[in-house]
Colleague: 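The structure is given below, and queries will be raised subsequently.
Within every chain, numbering begins at 1; the chains are lettered A, B, ... in the order of the sequence lines, protein sequences first and strands thereafter. These values consider heavy atoms only, across backbone and side chains, with no hydrogens, waters or symmetry-generated copies.
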2 protein chains.
Amino acid sequence: MTLSDQTDSDLPAEATPTAIAGWVADVLRDRIVKGELAPGARLVERKISAELNLSRTPVREALKLLHNDGLIEISRNKGAMVTRYDAEGAMNLFEVIAGLESIAASRLARTIGEADLDELEELHDQMMVFHKIGNHADYFDTNSLIHDRIVALAGNPVISATHRRLIALARRGRYIAITDPARLTQSVDEHCRLMAALRARDEAAAAEVWRLHLLHTGESVAAVLGAEAAAAS
Amino acid sequence: MTLSDQTDSDLPAEATPTAIAGWVADVLRDRIVKGELAPGARLVERKISAELNLSRTPVREALKLLHNDGLIEISRNKGAMVTRYDAEGAMNLFEVIAGLESIAASRLARTIGEADLDELEELHDQMMVFHKIGNHADYFDTNSLIHDRIVALAGNPVISATHRRLIALARRGRYIAITDPARLTQSVDEHCRLMAALRARDEAAAAEVWRLHLLHTGESVAAVLGAEAAAAS
DNA sequence: GGCGGCAAGATGGCATCCCATATCGCAGCG
DNA sequence: CGCTGCGATATGGGATGCCATCTTGCCGCC
């Protein structure tokens, strides 16, 4: 392998415990999310450890991490397999994410302070700019950032942790970007309405608009996945 | 150690992959849930592996499992520590569980078939009997069973998986059993109302009563934890 | 007497070896 | 020609040893 001596150059200066395993998990997660590792692809401990110039131990831990993120299935003597992600799975996933973020939005409407609200407003405005100028990449990133901030600001660690886990699965759907202009407009509108509800400190409205927003997103992702499946068959 | 040669007698005839690690995790989880391992207690890999006559490898994996269940914190060079569980944590936890089970109840009201409804009815009736005769242990077990069945019957694997993870944390609160008669009555009433909503196929009612049911449970657990904390100080 | 530094022990992380078992191909028999 | 059984190989699981680092307590210096 020619790249053997180079790969460890961007090791993250191991600070936290099991940093290497986490790093390996990140690398593999990236490949899965970006589609380099297609659903059904096999991940063999020995192959990965050889490629990354590590022993099998951290790789093993990384695979466990990805497993309980739901990204891979591990079967004895067959290696890990990237789990399939279909329309139904997407709907199931977004149904739960909708529940979580809805709670978060509700809490936020009740408890958010001016400073945090301003921060959200700013992110929102940024996103609107990216939307207007048609910068989809930054639009999506800012969008994700807003969702993450909403969850974080809600101040319930259980929500944050659960959300982080599920969103890793959903991000996979993010790369089959929703380019349908109608949905895009609707999504932006829902974002605006959430901001309005937060400003008005209207718990119920915030929860409901955000719940629907995520269900709609789920439907869009499911639609794309369903179309893909139909085309493949 | 005198028990060294005996412990492996009830090894679970390793069928599934990493069965041993799972078994170790179960053992430790039990101890934590039952309070044998108090919050703040230290779990040292070498100690556990010696006690259970195993190598450190499966123990380590077990600790990782408990960690991402949120039951323990792992710090380098200090061993794992049982996480603390306070009133605020309980509320945060039950807030999310409420969200999940509420979705499940809603789905159930929409999609449940007669056979499944009958099964739930039977469990419910059993629970009512245990309640009437004052058999608290079986009452609680049947109660838990009902909650689990509701989640399972909803048919969303993401909900099931997430719920399983969180409920492991909440079970810890179960052992500080709610003996307040008023709350017990209220809880039973809420169970009855859920059954009524399911029979009526009333999604909204099912979701709402179940959400409140779990929030109330969370409040009760939090109250007990708060009282404990106050007494301890 | 208090405080800072140093040394020994404790502890988890990583590497490596061995093992049990599932998989897959091939050969030999029917 | 097809099916069965065996063996080689692949692969994950477990055990063990070494290492880096954190903790802790003690000793000496101020």
Side-chain angles (χ1 to χ4, degrees), chain A residues 1 4-5 7-28 32 37 40-83, chain B residues 1 4-5 7-28 37 40-69 71-83:
Chain A
M1 295 296 157
S4 304
D5 298 328
T7 41
D8 45 5
S9 54
D10 22 27
L11 272 175
E14 41 197 307
T16 58
T18 63
I20 296 189
W23 175 74
V24 173
D26 288 343
V27 169
L28 296 176
I32 293 173
L37 288 169
R42 286 174 59 178
L43 300 168
V44 179
E45 290 181 4
R46 285 176 167 86
K47 298 267 183 66
I48 299 168
S49 57
E51 181 193 339
L52 300 180
N53 260 42
L54 294 164
S55 85
R56 282 174 53 208
T57 310
V59 175
R60 240 179 108 177
E61 290 179 7
L63 290 180
K64 306 262 183 203
L65 288 176
L66 294 179
H67 173 67
N68 72 40
D69 278 358
L71 282 170
I72 63 177
E73 285 299 322
I74 300 178
S75 18
R76 186 166 181 137
N77 306 321
K78 284 213 302 191
M81 258 188 39
V82 179
T83 56
Chain B
M1 295 296 153
S4 304
D5 299 327
T7 40
D8 46 5
S9 55
D10 22 25
L11 272 174
E14 40 196 308
T16 58
T18 66
I20 295 188
W23 175 73
V24 174
D26 288 343
V27 169
L28 296 176
L37 288 169
R42 287 174 61 176
L43 299 167
V44 178
E45 289 181 6
R46 284 175 168 86
K47 296 266 183 65
I48 299 168
S49 57
E51 181 193 340
L52 300 180
N53 259 42
L54 295 164
S55 82
R56 285 173 48 208
T57 311
V59 174
R60 218 178 134 176
E61 289 179 9
L63 290 180
K64 304 264 184 201
L65 287 176
L66 294 178
H67 173 66
N68 73 40
D69 278 357
L71 282 170
I72 62 177
E73 286 299 323
I74 300 178
S75 13
R76 187 166 182 137
N77 306 323
K78 283 214 301 189
M81 258 187 39
V82 179
T83 56

Colleague: Under 4.0 Å between a side-chain N/O of Ser55(B) and OP1 or OP2 of dA15(D), yes or no?
Modeller: yes

Colleague: Send over the distance from Asn77(B) CG to dC19(D) P, rounded to a whole Å.
Modeller: 16 Å

Colleague: Heavy atoms under 4.0 Å, any strand shown: does Leu43(B) hit a base, just sugar-phosphate, or nothing?
Modeller: sugar-phosphate

Colleague: In whole angstrom, give the distance that lies between atom NZ of Lys64(A) and atom P of dC14(C).
Modeller: 15 Å

Colleague: Using heavy-atom distances to pick each residue's nearest nucleotide on DNA chain D, tell me which of Arg42(B) and Glu61(B) is more 5'.
Modeller: Glu61(B)

Colleague: Provide, to the nearest angstrom, the distance between the NZ atom belonging to Lys78(A) and the P atom belonging to dA22(C).
Modeller: 12 Å

Colleague: Quick check: on DNA chain C, is the nucleotide nearest Arg46(B) upstream (toward 5') of the one nearest Arg46(A), or the reverse? Name the residue that is more 5'.
Modeller: Arg46(B)

Colleague: Please tell me if Arg60(A) has a side-chain N or O lying less than 4.0 Å from either OP1 or OP2 of dG14(D).
Modeller: yes

Colleague: Could you check how far CH2 of Trp23(B) sits from C1' of dG14(D), rounded to whole Å?
Modeller: 14 Å

Colleague: If every non-hydrogen atom of Ala21(B) is compared with every non-hydrogen atom of Pro58(B), which pair is closest and at what distance?
Modeller: CB-O, 3.7 Å

Colleague: Given atom CG of Leu54(A) and atom P of dC19(D), what is their separation to the nearest angstrom?
Modeller: 18 Å

Colleague: To the nearest 0.5 Å, tell me how far Leu66(B) CG sits from Ile72(B) CD1.
Modeller: 4.5 Å

Colleague: When the nearest nucleotide of DNA chain C is assigned to Thr57(B) and to Lys47(B) on a heavy-atom basis, which residue is associated with the more 5' position?
Modeller: Lys47(B)

Colleague: Output the rounded distance in Å from CE (Met81(B)) to P (dG12(C)).
Modeller: 13 Å

Colleague: What is the separation between atom CD1 on Ile20(A) and atom C1' on dT21(D), rounded to the nearest whole Å?
Modeller: 14 Å

Colleague: To check you understand the geometry: which heavy-atom pair defines the closest contact between Ser49(B) and Ser55(B), and what is its length?
Modeller: CB-O, 3.5 Å

Colleague: Assess whether side-chain contact (heavy atoms from CB on, under 4.5 Å) is satisfied between Lys47(A) and Arg42(A), documenting all intermediate values.
Modeller: CA-CA 10 Å; Lys47(A) 298 267 183 66; Arg42(A) 286 174 59 178; over 6 Å; no

Colleague: May I ask you to evaluate whether Arg56(B) reaches the phosphate of dT11(C), defined as a side-chain N or O under 4.0 Å from OP1 or OP2?
Modeller: no

Colleague: Grab the two heavy atoms, one from Leu37(A) and one from Leu28(A), that are nearest each other, plus how far apart they are.
Modeller: CD1-O, 4.3 Å

Colleague: Can you tell me how far C1' of dC14(C) sits from CD of Glu45(B), to the nearest Å?
Modeller: 12 Å

